[in-house]
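In listed order, ligands and their atoms are each counted from 1. Residue numbers start at 1 and run along the sequence shown.
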Amino acid sequence: MVDDVLLTTPQARAAQAEIEDVRQRTAGLDDNGLDIVFRQARSHNKWLNKPVTDDQLRALYDVVKLGPTAFNGCPLRVKFLRSDAAIKRLLPALSPGNQVKVEGAPVVAILAYDTAFYEQLPVLFAHKDVSPMLRDNPDKAHANAFRNSSMQGAYIILAARALGLDTGPMSGFDNAIADAAFFSGTTLKSNFLCAVGYGDVSGVYARNPRLDFDQACEIL
Ligand SMILES: Cc1cc2nc3c(=O)[nH]c(=O)nc-3n(C[C@H](O)[C@H](O)[C@H](O)COP(=O)(O)O)c2cc1C
């Protein structure tokens with residue numbers, strides 16, 4: 001349902017003007033933009049010895065947080081592991097193949113979700129408090145948190161590329177071990193991991209094929 005009152009507030013008018021502004025400036029990413037985010041970007045397995053600063057991680061999150069989530073719920077919570085001690089604490093959770101892939105990574109992010117993310121909804125989705133519907137239905141809340149934190153994890157990968165960084169996403173790890181090590185006594189659960197840094201191209205394999213349009217899509 002479109003709420004006409006909410007569409008005419010000063011804040012809504014400002015948001016509408018912002019869209020007009022960007023539409024005037026560009027109709028979309030150019031070829032370089034598409035190449036760096038999708039077409040020539042790759043998942044990385046080895047890392048250059050080049051640090052990623054706190055400011056870069058903050059800039060990354062500040063882009064990612066604007067990606068859409070259901071009810072604007074923003075269930076993603078991120079632990080950026082940078083110290084040797086923190087990364088060492090994660091290693092027992094990793095599959096042997098992935099232990100090698102985090103070696104030398106300047107940052108390994110645990111992309112987690114807050115199963116009680118709905119407690120923030122009165123602020124994040126203030127015009128209609130839907131938090132009781134999720135608080136009273138843990139399965140629904142969990143599915144919502146997992147789905148939307150996965151989307152935010154994808155935004156991390158794409159935003160990192162857009163900001164000149166590389167990533168190495170990994171789901172090959174024991175979530176229970178990672179959760180015990182990092183989220184004990186909290187409402188957080190790990191979703192997947194993502195190394196962030198500058199990829200060493202000597203660790204990149206040939207690109208695997210993708211399904212083409214007719215294999216994956218249908219227009220009805
Ligand atoms: C959610 C997710 C989990 C992944 N888990 C692993 C993993 O555990 N180990 C690994 O080596 N690669 C992992 N990958 C990397 C994929 O294999 C890789 O992105 C895919 O093969 C495409 O490679 P490309 O981006 O270089 O084209 C994962 C990727 C994603 C998005």
Side-chain angles (χ1 to χ4, degrees), residues 29 31-48 52 57 60-61 63-65 67-70 74-81 86-115 117 142-183 188-213 215-217:
L29 294 184
D31 269 344
N32 282 331
L34 288 170
D35 285 348
I36 204 158
V37 177
F38 288 104
R39 295 194 296 221
Q40 289 180 223
R42 297 296 308 278
S43 301
H44 285 265
N45 304 305
K46 283 189 186 182
W47 303 96
L48 297 179
V52 173
L57 296 178
L60 174 62
Y61 180 74
V63 174
V64 168
K65 73 182 182 190
T69 53
C74 306
L76 179 74
R77 304 291 180 266
V78 186
K79 276 220 195 291
F80 288 112
L81 311 183
I87 293 176
K88 205 169 157 200
R89 197 141 59 96
L90 178 67
L91 287 181
L94 290 174
S95 68
N98 283 338
Q99 286 186 0
V100 179
K101 294 188 181 195
V102 302
E103 262 172 33
V107 172
V108 182
I110 305 179
L111 307 183
Y113 54 97
D114 189 348
T115 55
F117 74 97
H142 184 272
N144 191 304
F146 185 68
R147 180 184 309 117
N148 288 283
S149 68
S150 300
M151 296 194 57
Q152 290 183 286
Y155 304 151
I156 290 223
I157 296 169
L158 301 180
R161 292 171 174 182
L163 293 169
L165 292 163
D166 294 308
T167 62
M170 286 164 285
S171 53
F173 71 107
D174 187 319
N175 293 70
I177 296 178
D179 290 356
F182 290 93
F183 302 127
L188 306 194
K189 287 191 180 301
S190 56
N191 187 337
F192 67 101
L193 310 173
C194 194
V196 181
Y198 296 91
D200 177 343
V201 296
S202 72
V204 172
Y205 300 101
R207 177 86 102 172
N208 276 316
R210 300 301 203 261
L211 299 181
D212 64 28
F213 186 92
Q215 291 173 294
C217 314

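S190 places no side-chain N or O within donor-acceptor distance of the main-chain N or O of A178, the cut-off being under 3.5 Å. Within the 3.5 Å criterion, the main-chain N or O of N208 finds a donor-acceptor partner in the side chain of R210. Not one N or O on the side chain of Y113 forms a donor-acceptor pair closer than 3.5 Å with the backbone of R147. Between the T69 side chain and the C74 main chain, a donor and an acceptor come within less than 3.5 Å of each other. The backbone N or O of K101 lies less than 3.5 Å from no partner atom in the side chain of N98, so there is not a single donor-acceptor pair. A donor-acceptor pair under 3.5 Å is absent between the side-chain atoms of R89 and the main chain of F182, judged by distance alone. Of the possible donor and acceptor atoms, none in the side chain of D200 sits under 3.5 Å from a partner among the backbone N and O of K46. Using modelled atom types, one side-chain atom of Q99 and one backbone atom of L91 make a donor-acceptor pair closer than 3.5 Å.
Taking atom 18 (C) of ligand 1 as the reference point, the nearest protein heavy-atom neighbour is S43 OG, 3.5 Å. The protein atom (non-hydrogen) at minimum distance from atom 9 (N) of ligand 1 is N98 OD1, 2.9 Å. The nearest heavy-atom contact from the protein to atom 5 (N) of ligand 1 is S171 N, 2.8 Å.
By the definition of a contact as any protein heavy atom under 4.0 Å away, atom 16 (C) of ligand 1 is not in contact. Within the 4.0 Å cut-off (strictly below), a protein heavy atom is located near atom 26 (O) of ligand 1. Within a 4.0 Å radius of atom 21 (O) of ligand 1, the protein contributes no heavy atom.
Between N208 and ligand 1, no N or O atom pair is found at a separation short of 3.5 Å. For ligand 1, none of its N or O atoms has an N or O atom of F192 under 3.5 Å away. Looking at P169 next to ligand 1, an N or O pair under 3.5 Å apart turns up. Looking at ligand 1, you won't find any N or O of N45 less than 3.5 Å from one of its N or O atoms.
The atoms of ligand 1 that sit less than 4.0 Å from any heavy atom of R210 are 22 (C), 24 (P), 25 (O), 27 (O). Using a 4.0 Å cut-off to heavy atoms of K101, the atoms of ligand 1 that qualify are 10 (C), 11 (O).
Counting heavy atoms under 4.0 Å from ligand 1, residue V204 does not touch it at all.
Ring geometry for W47 against H44 counts as tilted: the plane angle lies between 30° and 60°, on a 0 to 90° scale.
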